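What follows is a single structure, written as structure tokens, with notes after it.
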Amino acid sequence: MTDAFTAPGRFLRGNLHTHSTRSDGVLPPEEVCRRYRAEGYDFMALTDHFVGAFKYPMVDTRDFRTKDFTTLIGAELHAGTMQNGEVWHILAVGLPFDFTPPDQPWFAPHETSESAATLATRARDAGAFVAVAHPQWSGLTLADARTIEAAHAVEIYNHGCYAGCDRGDGFAINDLLLTEGRALSLVATDDAHFSEPDHFGGWVMVKAEENDPDAILAALKAGHHYSSQGPEIRRVEITDKAVVVECSAATSVIVQGKGTAARAIHGHSMTRAEVLLERFRNSPWIRVTVIDAAGRRAWTNPYWL
Ligand SMILES: [Zn+2]
Ligand SMILES: [Zn+2]
């Protein structure tokens, strides 16, 4: 099966989750795009909160595209109620400007709201790449997460949730869903509001032949990406006995699978590691984490054995 490392094209660095003054962010859309471009990103999606109080913003960032930087149109969608009684947050990138809003005036759940599952399905059907946003920050349960059948991905790292409440990850829910057989990919994002150190901390590396919104969207849907806080992953090869990982200088290369299945190789400035698969005989899937000397991580999408 083709993955990010065997797909044709080149890696593009992008942030899929960002806010501006069109919802509760601090900076106007133009300045948000300028900063991501100045930071060396190849693309970003502005995903303001799609609620009535902000006039259901589907912000047009096309004017901020340049020959080496593109933008995807998207929003953070809200509807329905999680088991904890709070409203859902669903990330949708690649939406049309005329996407029909749910009846969601504000972040308060209400009885006649559309369900999050229906809203996510509508977004996917409209062409979006859909991700379950910040599971830990939301206090999401596994039962909640199961209902979003339209999700392509789980946000496994959200830098804003890390900066603002030290609940940045979504691995527990993600790994349980994988074990239930859900073919999900992983995304790291910033969720930047520029109100605190919530930017340039987690991104996706998407392999695409063109730096163009359609090509990026297709690659995301195909799972041709990995997620990172810094380290590069250059190749993953799975043989009968082992996973071979090539990466930028790492201190740990870890393979995880179902339940307690995991195996780590530690060292200094490792750019290649071979992790034996023996421990993963009972796991239908594995994924790889690379950690550098500064503690920054990169994460592959799952591989099905
Ligand atoms: Zn959110
Ligand atoms: Zn957000």
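Remember, it's 1-based here, ligands and their atoms both numbered in the order they're listed. The model shown is predicted, which means the values in this text are computed figures rather than measured ones.
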N/O/S atom of His193 under 2.8 Å from the Zn ion (ligand 2), yes or no? no
Non-hydrogen atoms of Arg182 and Arg146 that approach each other most closely: NH1-O, 3.4 Å
Arg13 charged N/C atom sitting above Tyr41 aromatic ring, 6.0 Å / 45°: yes
For the Zn ion (ligand 2), which N, O or S atom of Glu76 is at the shortest distance? OE1
Within 2.8 Å of the Zn ion (ligand 1), is there any N, O or S atom belonging to His89? yes
Metal check, the Zn ion (ligand 2) vs His19 N/O/S, cut-off below 2.8 Å: yes
Restricting Asp191 to its N/O/S atoms, the closest one to the Zn ion (ligand 2) is OD1
Regarding Glu114 and Arg122, does a basic nitrogen lie under 4.0 Å from an acidic carboxylate oxygen? yes
In terms of side-chain geometry, is the basic nitrogen of Arg234 or Glu246 positioned less than 4.0 Å from the acidic oxygen of its partner? no
List the steps and the verdict of side-chain contact (heavy atoms from CB on, under 4.5 Å) for Ile238 and Tyr303. CA-CA 9 Å; Ile238 300 176; Tyr303 290 87; 3.6 Å; yes
Between the Zn ion (ligand 1) and His134, is there an N, O or S atom separated by less than 2.8 Å? yes
